[in-house]
Amino acid sequence: MVGVMPATTPAASAASPAAPSPGGATPALRLQAVTKSYGDHPAVQAVDLEVAAGEVLTVIGPSGCGKSTLLRLAAGLERPDSGSVWLGDREVAGSRWVPPERRHVGLVFQDHALFPHLDVATNIAFGLDRLPRAERAPRVAEVLELVGLGDLRERYPHELSGGEQQRVALARALAPRPAVVLLDEPFSSLDENLRAQVRAETLAAIRLTGSAALLVTHDQTEALSLGDRLAVVRRGVVEQVGPPTEVYETPVNRFVATFMGDADYLPAHVRDALLTSEIGVVSTVPGWGRTELDVEVMLRPHEVALRPEPSAAAVVERVEYHGAFVLHHVRLPSGRSVRSWQQHGVRLEPGTPVDVTVVPGSRPVLLSGDTALFAPPDSARR
Ligand code: ADP
């Protein structure tokens with residue numbers, strides 16, 4: 001049995017991202033009602049977003065949704081059409097304009113953008129012209145240690161692996177001690193097997209410096225595993241902001257639900273706090289007493305349990321081996337499909353009749369139309 005729906009609505013928290021940070025501290029970076037169009041194409045629409053000091057915020061969304069434009073607006077590489085950008089107490093775009101080179105933010109791009117004719121140490125020292133000359137070499141040594149490249153200071157970029165180049169780019173961005181680092185798809189040019197390690201090292205280095213970071217990615221795993229919070233963007237609009245668990249487990253709408261992970265939807269019915277669908281009782285829904293409503297229930301593959309049962313009407317349709325887990329596609333009597341993750345070693349052959357249930361302790365999300373429901377609407381009262 002399942003059921004506890006969240007007591008607070010993520011929609012409410014998503015609707016007020018410009019509210020003061022916990023404790024009322026000034027955010028390290030704040031975008032306030034920022035809008036940017038290219039011609040008549042709106043790339044970023046009235047976005048409010050904050051990154052607290054020391055916080056890592058990941059920004060995720062499909063290609064072309066405006067992620068890079070958001071980052072470029074924060075960096076000063078684009079000017080907003082309206083709205084304002086703040087770095088701490090300093091307004092840098094809006095009623096005044098501070099150019100990128102005077103914003104003192106660190107920038108890391110996918111292509112690393114190292115100077116090929118300069119060695120590692122000189123690449124890193126490049127951003128330190130504001131530091132007294134005598135302090136530059138010690139700072140270079142310090143950040144090289146921070147990113148674990150102390151031995152490579154005299155190498156040239158072409159003598160480094162992709163992961164090492166990425167770490168040099170990070171060291172260069174962190175060297176001037178920026179309060180904010182902006183990273184645009186920093187890991188996407190790395191090999192899959194290198195990526196996890198470089199990600200972890202990058203995050204560790206950023207955490208050590210205490211800089212706030214805004215990291216743009218299109219990779220769900222990255223967004224879920226790296227950030228303190230993540231912002232999901234669609235068509236230039238922030239759909240939801242919150243800690244990864246909140247966004248994944250209580251998405252505010254169908255887009256966020258589907259974008260952040262595999263999701264199947266079944267027509268369902270709530271009556272007096274009991275949620276049923278064609279697989280039977282899905283869960284209890286506390287707080288939904290004396291209500292009745294047709295809804296849809298979203299099920300993630302890890303929430304769906306299967307048990308071979310010769311008399312069952314649902315049938316395994318297809319099996320995908322993923323190594324540690326095996327994804328089973330199951331056809332229900334209605335013709336709809338649900339997916340179920342099974343442990344490595346479990347493989348129910350296509351054609352196997354299975355009993356489909358919801359894993360105890362799951363908290364399936366309910367939707368009305370495309371919007372998630374976190375409390376019964378008044379119209380559902382009986
Ligand atoms: P993302 O980083 O999410 O892939 P972008 O921020 O790069 O998206 O782009 C958002 C939208 O703005 C896209 O439709 C893109 O084609 C458009 N766009 C981005 N930069 C420019 C530009 N310099 N001129 C015209 N259109 C642009």
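Order of listing sets the numbers, starting from 1, for every ligand and every atom in it.
Shown here are the salt bridge (charged side-chain N to carboxylate O under 4.0 Å, His left out) partners of D294, two or more places apart in sequence or in another chain: there are none.
Both cation-pi conditions hold for R254 and Y265: the charged atom is under 6.0 angstrom from the six-membered ring centre and inside a 45 degree cone around its axis.
E239 and V252 make their closest contact through O-CG2, 3.5 Å (heavy atoms, listed as atom of the first residue, atom of the second, distance).
Not less than 6.0 angstrom separates the ring centroid of H328 from the ring centroid of W341.
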Extract all donor-acceptor atom pairs below 3.5 Å that involve side chains of residues 81-88 and protein atoms in other chains or at least two apart in sequence.
from	atom 1	to	atom 2	distance (Å)
D81	OD2	S37	N	2.7
S84	OG	W86	NE1	3.0

Show me, pair by pair, the donor-acceptor contacts under 3.5 angstrom made by side chains of residues 372-382, not counting sequence neighbours?
from	atom 1	to	atom 2	distance (Å)
R382	NH2	D272	OD1	2.9
R382	NH2	D272	OD2	2.6

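Each of Y38, H41, A43, P62, S63, G64, C65, G66, K67, S68, T69 has a non-hydrogen atom positioned under 4.0 Å from some atom of ligand 1.
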